[in-house]
Amino acid sequence: WLMLREAGVHGQPGRARLLWLRMPAVVLVGLSTFQLEFDLGVPQWQALYQPLLLAGAMAIALTAARVAIGRGGALLAAAGFLALRVLVAVVLAVGLGRSLAHFPLTLAEALCVEAAFLLPRLPVPARAVLGGLLVASAGLAAELGWTHLWYPLPWTSGLLSYWWMDGAVAVAGALVGVAMGNVAAGRRAGVPPLAAVAALAAIGALLGLHLSLRHADPSNVTLASSPAGPAHLEMTRTGVPLPEQPVWLNVAVSPATAPEGADWFAVIAWQGGAPVRHADLVREADGRYRSAVPVPAGGGWKTMVMLAHGDVLEAAPVAMPPDFQYGLQQVPAPQAPRTTAFVPASRLLMREAHGGPQWPAAAIASFFALMVAAWTVALAAAYGRVGAAGPDLPREARTGQQRPAREARA
């Protein structure tokens, strides 16, 4: 989008401008990749991050689209986003037989941004802030209903306690979107540099606030299963044939109050050569539950009971395949009751991780954090430089300098 702005095509008719008009949707798709684990229903992070990431992504991209394109820009970006996501979902789920990646509704947030910009007496940054607050309130309320219709792991009322974070990241994202949209449209940023820097820093701080707080509670779970169909051989991802059988699952949790008010309490099965599967756990008595549908066990399936509540994200294995490369033993489905402690969900989702010195992981994580910071600073600096250039004319034209004829023709 920034390169097309530098090329000066945003104000010219033709195919290049049509491409420029599509860029906000592409920006929104890029910002939405961070939500992929929630789209697939195999989350490694707390439930609070899905609305937080959505609020930030929508506020940035939709505000930028409305500022750059004008009336209807946010709706155009939302429509393009949905078209791209539907196309990708069809190709992956239907064409390649992979898991269906669910995606947000987006249209409600676009309407929120458009409504905020209908107030003519407010300056543009103030309208953007109002739009961000609407995105984090009315927009996320619409997404709440959408998750219950469309997503495998819907939102619960427990996420309301984190709404202040959603509102803050949406306001910060809206200010970033104002600067991006103005620059993309050939104008100055319209936001003081310190305000843009503070908004980016606030987004980073809000995203990092709960990262280190993910943990497991000291609670136990007793699992028992019974066959729900015949067993058959299935080939694992490593090429080893193993028996697979659907089972009914019974779950007893101690203390019995552990699942109360949970964001998610369900059975998740993945990596079995088929799309991710989910099964709700139906309460039968205090602390006792059963799977609403049979769940796969054996073969290449990693099947687990997952419990998420605030910063608690824990799981217990139902069945796990062996991994001969890493020396991991098979965890069979519990034919007799098996009691185990909940462990951090990441330990089962990334079961192949093994012990060793900590410094390589620390070095890699530090390098990754440095690259994220460098990428963000470089992109912000690029927008700042292009926005400070002002008019669309090339530098040579603004200063009166002329390029050689051969260079101009090139």
Side-chain angles (χ1 to χ4, degrees), residues 33-50 52-53 92 98-99 101-102 152-153 207-208 210-221 223 234 236-240 242 244 262-279 295-333 338 340-369 371-372:
T33 58
F34 300 104
Q35 302 139 34
L36 181 60
E37 63 186 59
F38 301 105
D39 295 346
L40 293 174
V42 190
Q44 298 191 55
W45 301 98
Q46 299 96 309
L48 65 94
Y49 274 104
Q50 188 177 13
L52 185 67
L53 290 167
L92 292 178
R98 301 299 180 183
S99 296
H102 300 76
L153 299 173
L207 291 176
H210 283 264
L211 283 180
S212 61
L213 301 180
R214 181 183 58 171
H215 67 281
D217 271 348
S219 52
N220 294 327
V221 58
L223 305 173
E234 284 289 338
T236 67
R237 296 192 306 165
T238 57
V240 178
L242 292 174
E244 176 189 325
D263 300 318
W264 304 312
F265 185 47
V267 182
I268 296 176
W270 68 314
Q271 290 188 356
V276 178
R277 298 185 187 177
H278 300 83
V295 298
W301 289 101
K302 291 181 177 179
T303 306
M304 66 196 79
V305 173
M306 182 173 287
L307 173 60
H309 189 186
D311 286 320
V312 173
L313 187 58
E314 57 191 12
V318 175
M320 295 281 173
D323 194 311
F324 303 109
Q325 180 178 359
Y326 291 99
L328 300 175
Q329 298 294 321
Q330 181 180 11
V331 177
R338 182 178 71 211
T340 183
F342 275 113
V343 298
S346 58
R347 190 180 300 177
L348 298 180
L349 292 169
M350 297 184 294
R351 185 171 178 244
E352 295 79 8
H354 52 82
Q358 294 297 313
W359 69 263
I364 292 171
S366 300
F367 178 75
F368 177 73
M371 292 303 298
V372 170

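Because the structure is predicted, anything quoted here is derived from the model rather than measured.
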Looking only at heavy atoms, the pair that brings Pro317 and Leu223 closest together is O-CD1, 3.3 Å
Heavy atoms of Val295 and Ala279 approach each other most closely as CG1-CB, 3.5 Å
Contacts of Trp264 meeting side-chain hydrogen bond (donor to acceptor under 3.5 Å, both in side chains) (sequence neighbours excluded), chain-then-number -> none
Residue pairs meeting side-chain hydrogen bond (donor to acceptor under 3.5 Å, both in side chains), one or both in residues 265-275, sequence neighbours left out, come to Arg237-Gln271, Gln271-Lys302
Residue pairs passing the side-chain hydrogen bond (donor to acceptor under 3.5 Å, both in side chains) test with at least one member in residues 340-351, sequence neighbours excluded, are none
For Ser99 and Val276, indicate whether the former's side chain and the latter's backbone hold a donor-acceptor pair under 3.5 Å.
yes
I'd like to know if the side chain of Asp263 reaches the main chain of Gly310, judged simply by a donor and an acceptor atom lying under 3.5 Å from each other, with no hydrogens or angles considered. yes
Side chain to side chain, [X] and [Y], heavy atoms closer than 4.5 Å:
X	Y	value
Gln330	Pro321	no
Val305	Leu307	no
Leu242	Pro322	yes
His210	Leu52	no
Trp301	Val318	no
Leu349	Val42	yes
Val267	Met304	no
Pro43	Leu153	yes

Here the salt bridge (Lys or Arg N to Asp or Glu O under 4.0 Å) pairs for residues 307-330, sequence neighbours left out, are none
Working note: Phe34 + Tyr49, criterion side-chain contact (heavy atoms from CB on, under 4.5 Å); need CA distance, chi angles, decisive distance, verdict. CA-CA 10 Å; Phe34 300 104; Tyr49 274 104; over 6 Å; no
For Pro332, the side-chain contact (heavy atoms from CB on, under 4.5 Å) test, sequence neighbours excluded, returns none
Residues passing the ring-ring contact (aromatic ring centres under 6.0 Å, His included) test with Phe265, sequence neighbours excluded, are Tyr289
- Is the number of heavy atoms from other residues, nucleotides or ligands within 6.0 Å of CD (Glu352) greater than 12? yes
Open item on the list: Looking at Arg338, I want to see if its CZ is surrounded by more than 12 non-hydrogen atoms of other residues, nucleotides or ligands under 6.0 Å.
Closed with: yes
